[in-house]
**Student:** 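Dumping the structure here so I can ask a few things about it.
Just so you know, these numbers come straight off a predicted model, no measurement behind them.
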Amino acid sequence: MIPIILAGGLGTRLWPLSRSSFPKQFLPLASNNSMLQDTYARIVELEQCEKPIVVCNEEHRFIVAEQFRQMNADPTSIILEPIGRNTAPAIAVAALNALQLHDDPILLILAADHVITNTVAFHKAISIAKPAAEAGKLVTFGIVPNKPETGYGYIKFVKSTDPSQTNVSFFPIETFVEKPHQKKAQEYLNSGNYLWNSGMFMFRASVFISELKKYSPDILSACQQSIDNAKKDLDFLRPDAEKFSTSPENSIDYAVMERTDKAVVVPLDAGWSDVGSWDALWEISTQDECNNVKIGNVISVATKNCYLRSAERRLVATVGIDDLIVIDTADAILVAKKNQVQDVKKIVAQLKSTQQPEASQHRMIYRPWGYYDSIDSGTRYQVKRITVNPGAKLSVQMHHHRAEHWIVVSGTAKVLKGEKEVLLTENQSIYIPVGVVHALENPGKIPLELIEVQSGAYLGEDDIIRFEDRYGRC
């Protein structure tokens with residue numbers, strides 16, 4: 001069995017913490033690990049389970065690689081989607097890659113941004129689904145509903161009236177249902193014949209490919225050509241961008257599951273949430289005696305039923321509020337009524353329409369060598385705090401429009417400046433003039449931290465000419 005972890009979402013409803021450059025699946029929202037890392041941790045102990053195949057956006061490739069490195073894990077493949085085409089093409093390229101590596105494996109399709117609190121129940125559901133998948137069924141996991149939820153699609157399943165089938169733990173699917181209104185959702189809950197559509201699946205790779213060929217041959221054709229012409233790049237597999245982009249944009253539900261006669265559902269009651277909004281995160285988080293969730297540097301007085309989060313060291317203080325979401329980050333603050341957080345995506349849409357950077361980027365930007373935080377900026381200057389991971393190196397580069405001054409705060413810096421190479425330690429500094437070829441490396445065993453002061457007529461990130469780069473960015 002090979003887990004396929006889909007890590008390509010953008011998570012706009014959890015703005016300002018989740019942004020397209022660093023979306024929710026890479027954030028520690030439900031534990032000290034990121035949601036991607038929690039997803040991996042849930043499958044480590046599964047029997048006869050190979051290393052996962054991860055599908056992610058090109059932009060996030062180094063974030064995925066770094067988060068697996070932190071867990072001492074090595075995925076079978078990290079497949080880079082050149083463009084988002086929804087879940088059917090993403091699963092198709094993963095299935096085709098799995099067939100290249102193994103003899104018709106069982107695939108366990110998981111989203112990287114789900115929370116499952118009962119791992120034992122999750123593993124039991126997988127053990128129930130596996131024989132059905134081995135027998136040629138396309139299995140989906142349906143979440144046992146505990147409320148009339150209007151934010152999820154539903155699956156109506158067929159209960160057997162045959163007494164000999166009372167112990168069967170998977171059921172034929174009668175129909176998939178779109179997100180209902182409140183009254184209809186209550187009817188679904190009362191009937192006992194409906195489950196939430198989780199977006200998790202299990203099937204043989206060959207069976208899925210066969211059904212995809214039958215019902216969505218244009219998707220399969222594009223994905224097959226893109227994998228046939230894929231290229232290896234460091235730890236990544238790059239499907240051919242031109243071929244992949246010709247695939248229609250479609251979900252696995254529409255492309256296959258709603259049309260095949262092989263679909264069955266396994267009920268799953270394991271504390272599942274897709275954490276699609278701030279109120280959903282409030283529901284699954286530990287609450288105090290006033291039903292508040294407080295994360296970070298937070299003080300509250302006469303406050304109840306709130307989710308309060310300080311993502312920075314800055315103090316968040318509240319007095320006399322109820323049913324609110326308050327999120328503080330380095331460059332944005334969100335205050336919203338708990339029952340209106342679905343509209344946070346409208347804020348993101350407005351930010352995008354005016355091309356404000358807060359729509360997509362955090363103040364802290366992650367790179368394959370580490371990250372930097374833009375502390376301050378003004379006319380002709382910019383100040384950054386840079387952290388370089390042990391053993392990592394920035395590209396050999398130069399700038400046409402800016403000079404740089406580096407001051408080491410902690411660790412050891414190995415600096416190339418023109419023809420010379422020097423070592424700098426704490427409190428030492430160096431000046432890099434405009435046009436001089438340079439590089440920065442951390443040769444030590446601890447993170448290198450330094451302050452960078454840029455000055456010049458143009459300070460954009462695109463003023464970089466790379467000559468050498470161990471991460472393939474030249």
**Student:** Is there a side chain to side chain contact (heavy atoms under 4.5 Å, CB included) between V115 and D38? Walk through the geometry before answering.
**Tutor:** CA-CA 8 Å; V115 168; D38 282 344; over 6 Å; no
**Student:** Taking the side chain as every heavy atom from C-beta outward, state whether Q287 and N305 have any pair of such atoms under 4.5 Å apart.
**Tutor:**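 The answer is no; the side chains never approach within 4.5 Å.
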**Student:** When you look at Q361 and S21, which way does the side-chain hydrogen bond (donor to acceptor under 3.5 Å, both in side chains) test go after all the steps?
**Tutor:** CA-CA 5 Å; Q361 291 189 338; S21 65; 5.6 Å; no
**Student:** To the nearest 0.5 Å, tell me how far E66 CD sits from Y366 OH.
**Tutor:**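 One finds 10.0 Å between CD of E66 and OH of Y366.
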**Student:** What's the separation between atom OG in S395 and atom CZ in R470, rounded to the nearest 0.5 Å?
**Tutor:**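 Going from the OG atom of S395 to the CZ atom of R470 covers 10.5 Å.
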**Student:** Hey, could you give me each pair passing salt bridge (Lys or Arg N to Asp or Glu O under 4.0 Å) that has a residue in residues 111-125? Not counting sequence neighbours.
**Tutor:**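 Salt bridge (Lys or Arg N to Asp or Glu O under 4.0 Å) check on residues 111-125 returns K24-D113.
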**Student:** So, taking the atom named CD1 in I252 and the one named OG1 in T87, what distance separates them when rounded to the nearest 0.5 Å?
**Tutor:**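 Atom-to-atom, I252:CD1 and T87:OG1 are 6.0 Å apart.
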**Student:** Can you tell me if S300 uses its side chain to pair, donor with acceptor, with the backbone of T303 under 3.5 Å?
**Tutor:**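 Checking the backbone N and O of T303 against the side chain of S300, no donor-acceptor pair under 3.5 Å is found.
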**Student:** Which value, rounded to the nearest 0.5 Å, describes the distance between F244 atom CZ and I79 atom CD1?
**Tutor:**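 F244 atom CZ to I79 atom CD1 measures 9.5 Å (nearest 0.5 Å).
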**Student:** Under 6.0 Å between the ring centres of F62 and F236?
**Tutor:**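 Ring centres of F236 and F62 closer than 6.0 Å.
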**Student:** What I'd like to find out is whether the side chain of N389 reaches to under 4.5 Å of the side chain of N442, using heavy atoms alone.
**Tutor:**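 Side chain of N389 against side chain of N442, heavy atoms only: no contact under 4.5 Å found.
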**Student:** State, yes or no, whether a side-chain contact exists between S77 and L101 at a heavy-atom distance under 4.5 Å.
**Tutor:**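 Contact flag for S77/L101 side chains = yes.
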**Student:** For Q350, is there any backbone N or O sitting under 3.5 Å from a side-chain donor or acceptor partner on T354?
**Tutor:**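 Present.
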**Student:** Listed by chain and number, what are the side-chain contact (heavy atoms from CB on, under 4.5 Å) partners of K147, not counting sequence neighbours?
**Tutor:**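 Listed in chain order: E149, W196, E283.
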**Student:** Would you say that Y194 contacts L189 through its side chain, given a criterion of any heavy-atom pair below 4.5 Å between the two side chains?
**Tutor:**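 Counting from C-beta outward, Y194 and L189 never come under 4.5 Å.
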**Student:** With no hydrogens and no angle check, do the side chains of Y40 and R42 hold a donor and an acceptor under 3.5 Å apart?
**Tutor:**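 Not at all, the side chains of Y40 and R42 share no donor-acceptor pair under 3.5 Å.
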**Student:** Before you tell me yes or no, could you show the steps for D323 and K337 under side chain to side chain contact (heavy atoms under 4.5 Å, CB included), namely the whole-Å CA-CA distance, both residues' side-chain angles and the distance that decides it to 0.1 Å?
**Tutor:** CA-CA 6 Å; D323 276 322; K337 287 186 176 180; over 6 Å; no
**Student:** For residues 93-147, which residue pairs qualify under ring-ring contact (aromatic ring centres under 6.0 Å, His included), counting only residues two or more places apart or in two chains?
**Tutor:**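 Residue pairs with at least one partner in residues 93-147: H114-W272.
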**Student:** Any salt bridge linking D373 with R385? Criterion: basic side-chain nitrogen under 4.0 Å from a carboxylate oxygen.
**Tutor:**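 A salt bridge is present here (some side-chain N lies under 4.0 Å from a carboxylate O).
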**Student:** So does D328 pair up with R309, basic N to acidic O under 4.0 Å?
**Tutor:**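 Salt bridge: no.
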**Student:** Would you say the side chain of I227 lies within less than 4.5 Å of the side chain of Q100, judging by non-hydrogen atoms?
**Tutor:**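 They are in side-chain contact.
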**Student:** Is there a side-chain hydrogen bond (donor to acceptor under 3.5 Å, both in side chains) between S206 and D104? Walk through the geometry before answering.
**Tutor:** CA-CA 6 Å; S206 63; D104 199 12; 2.7 Å; yes
**Student:** Could you pull out the closest heavy-atom pair between N86 and N250, with the gap in Å?
**Tutor:**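 Closest approach of N86 to N250: CB-O, 3.1 Å.
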**Student:** What's the verdict on side chain to side chain contact (heavy atoms under 4.5 Å, CB included) for I333 and I327, showing C-alpha distance, side-chain angles and the deciding distance?
**Tutor:** CA-CA 6 Å; I333 298 173; I327 310 297; over 6 Å; no
**Student:** If you define the side chain from C-beta out and look only at heavy atoms, does anything of W369 sit under 4.5 Å from I386?
**Tutor:**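 A side-chain contact under 4.5 Å exists here.
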**Student:** May I ask you to test the C56-L80 pair for a side-chain heavy-atom distance under 4.5 Å?
**Tutor:**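 With C-beta onward as the side chain, the pair touches.
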**Student:** Salt bridge check: are K338 and D279 linked by an N-O gap of less than 4.0 Å?
**Tutor:**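 No, this pair does not count.
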**Student:** Any side-chain heavy atom of T140 within less than 4.5 Å of one from I173?
**Tutor:**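 They are in side-chain contact.
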**Student:** Do the ring planes of F171 and F157 sit parallel (below 30°), tilted (30 to 60°) or perpendicular (above 60°)?
**Tutor:**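 Ring orientation, 0 to 90° scale: tilted.
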**Student:** Any salt bridge linking E59 with R19? Criterion: basic side-chain nitrogen under 4.0 Å from a carboxylate oxygen.
**Tutor:**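 Looking at R19 together with E59, the answer is no, because their closest N to O distance does not fall below 4.0 Å.
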